[in-house]
Amino acid sequence: MLKNYAMLKPFSDLGINNPLQQSLKALHITEPTAIQVKTIPVVLNQKEDVVVLAKTGTGKTAAFGLPLLQLIDIENNEVQTLILAPTRELGQQIYNNLVSFSTNTPEITIASICGGTSIKPQIAGLKDATHIVVATPGRLVDLIKRDAISLKNLKYLVLDEADEMVSALKEDLDLIIKDVPKTRRTLLFTATMPGAIKQLVQNYMSKKVVQIEADMETVGHQGIDHQYVVVEPIEKLEVLLHFLNSKEGEHGIIFCKTKAAVNKLAKNLAINKFSSGALHGSLTQGIRDRIMGQFREGFIDILVATDLAARGIDVKDVSYVINYHLPDTYDAYVHRSGRTARAGAKGLSLTILQQEEVVDISDFEKELGITFKPFKKADAQSIEENNGLLWAKKIFKTKPNREVSEDFKAKIKTIFHHLTKEELVDKILANYLAQTGAETLKPEITKKGKRH
DNA sequence: AAAAAAT
């Protein structure tokens with residue numbers, strides 16, 4: 001941050017107009033990030049297409065959003081700008097950001113065109129003047145096929161997380177690009193430059209392409225503390241629960257490999273009274289929106305998610321990310337860990353491994369140029385103690401059963417009447433251990449996660 | 001093999 005300070009200019013120097021500056025001020029955004037300094041003038045200049053290589057999204061949305069808002073022609077009622085994102089959550093986030101940037105330019109209309117919600121209001125809304133559309137590819141293709149949207153006067157096309165879109169959403173993307181005029185300008189944001197991206201640049205972008213690179217050292221990994229811990233399969237959940245208990249009051253994201261694993265882990269966290277929610281692509285959009293909203297607002301502390309949440313999601317004060325399963329690709333690791341340590345903050349990225357996966361960690365180090373520090377695993381005794389604390393917390397958080405009659409409760413109270421609190425705790429604990437047949441407390445776990 | 005995206 002400090003290293004880059006000299007090159008940072010105020011937004012006015014970058015050519016951002018007064019209404020937008022006022023909006024930024026109201027949002028307490030005072031200084032442009034490095035990527036914004038490099039990107040905004042090029043976009044405003046209106047000459048070249050842009051390819052931005054940036055690993056994590058510090059300020060990406062504003063880097064294209066601000067200049068594109070400024071370039072909207074209010075007199076023209078057709079769709080002038082199209083922004084594509086790979087997930088609905090990211091699309092919604094970009095839409096919300098643009099809306100917040102445009103509070104002082106209410107005449108600019110922005111539409112969010114993502115799937116999972118009723119298509120009818122979207123079709124109706126598009127009949128009115130719409131200047132900017134933020135979309136996920138599937139729903140947009142649907143609207144194009146229904147002739148509900150016209151992109152024939154499009155001036156700007158933004159592809160966010162373009163590497164993900166060319167790999168997973170290629171077919172839809174090709175259809176969309178075929179439908180937009182060749183004269184439009186393209187802004188492409190990507191973490192990596194796989195062959196598919198190079199091809200896209202070659203085939204679909206103009207000859208004048210400016211490539212912008214964020215300084216990976218300062219932007220990509222700054223502030224993230226990468227750690228790993230090796231566990232036996234049987235102790236994996238206990239080690240996690242111990243970690244989470246030490247992070248009480250902080251916010252984090254736990255990534256799992258599959259939807260079923262997300263469901264199962266979220267259920268286990270819920271049973272153990274952690275404030276958490278599950279997020280993956282097989283939940284209804286209503287539930288996805290609710291969980292995302294609760295996490296954003298801080299009503300839940302822990303988000304358990306598939307790679308759906310790996311890219312672009314920007315939530316304040318996420319102080320740790322956990323890889324409960326090793327990510328499939330190096331890219332995925334960068335994206336997942338990039339959910340923490342945002343906007344200059346610090347964060348921990350902890351990867352939980354089994355013995356046979358330890359070799360992979362050195363591959364990640366080599367490929368990504370990072371060093372994993374060993375996380376000091378709690379010893380057996382403190383894990384045991386933590387299990388006891390979880391058990392107690394669970395009892396503490398259990399709501400009294402209203403069905404039990406006052407009369408009956410009174411009778412039970414008489415039995416315990418002469419006991420001190422300490423004696424009562426001793427008895428409950430001993431009783432619990434006798435019942436479970438265990439020598440020490442174990443966290444309660446579900447047999448199965450819901451299948452999807 | 002799994003994840004995302006259209007109903």
(request) Figure out the CG/P separation between L143(A) and dA6(B), and round it to whole Å. (result) 10 Å

(message) Could you tell me if the side chain of D307(A) sits less than 4.5 Å from the side chain of K257(A), heavy atoms only?
(response) no

(message) With a 4.0 Å cut-off on N to O distance, would you call R311(A) and D163(A) a salt bridge?
(response) yes

(message) With a 4.0 Å limit, can you tell me whether R288(A) has a side-chain N or O closer than that to the phosphate oxygens OP1/OP2 of dA5(B)?
(response) yes

(request) With the side chain of D142(A) defined as its heavy atoms from C-beta on, choose the nearest nucleotide among dA3(B), dA6(B), dA5(B). (result) dA6(B)

(message) So that I know where these two stand, are F243(A) and Y320(A) an aromatic pair - ring centroids less than 6.0 Å apart?
(response) yes

(message) One pair to check against side chain to side chain contact (heavy atoms under 4.5 Å, CB included): D49(A) and Y204(A). What are the steps and the verdict?
(response) CA-CA 10 Å; D49(A) 282 358; Y204(A) 295 120; over 6 Å; no

(request) Grab the CG-C1' distance between D307(A) and dA1(B) for me, whole Å please. (result) 13 Å

(message) Output the rounded distance in Å from CG (L173(A)) to C1' (dA6(B)).
(response) 16 Å

(message) Can you measure H280(A) atom NE2 to dA2(B) atom P for me and round it to whole angstrom units?
(response) 14 Å

(message) Counting only heavy atoms from other residues, nucleotides and ligands, does the tally under 6.0 Å from CD of E232(A) exceed 12?
(response) no

(message) Just the rounded figure in Å: distance from C1' of dA4(B) to NZ of K259(A).
(response) 8 Å

(message) I need the CD-P distance between Q285(A) and dA5(B), as an integer number of Å.
(response) 7 Å

(message) Counting only side-chain heavy atoms from C-beta out, which of dA5(B), dA6(B), dA1(B) sits nearest to D328(A)?
(response) dA1(B)

(message) What's L308(A) touching, base or sugar-phosphate or nothing? Going by heavy atoms closer than 4.0 Å.
(response) sugar-phosphate

(request) Go through dA4(B), dA5(B), dA2(B) for me and flag the one nearest to the T136(A) side chain. (result) dA5(B)

(message) Please determine whether a side-chain nitrogen or oxygen atom of R88(A) lies at a distance below 4.0 Å from atom OP1 or OP2 of dA6(B).
(response) yes

(request) Quickly work out the R311(A) CZ to dA4(B) P distance and round it to whole Å. (result) 13 Å

(message) Expressed as a whole number of angstroms, how long is the span from L175(A):CG to dA5(B):P?
(response) 18 Å

(request) Respond yes when some side-chain nitrogen or oxygen of K170(A) is under 4.0 Å from OP1 or OP2 of dA5(B), and no when none is. (result) no

(request) Please determine, for the side chain of T258(A), which listed nucleotide (dA2(B), dA6(B), dA5(B)) has the closest atom? (result) dA2(B)

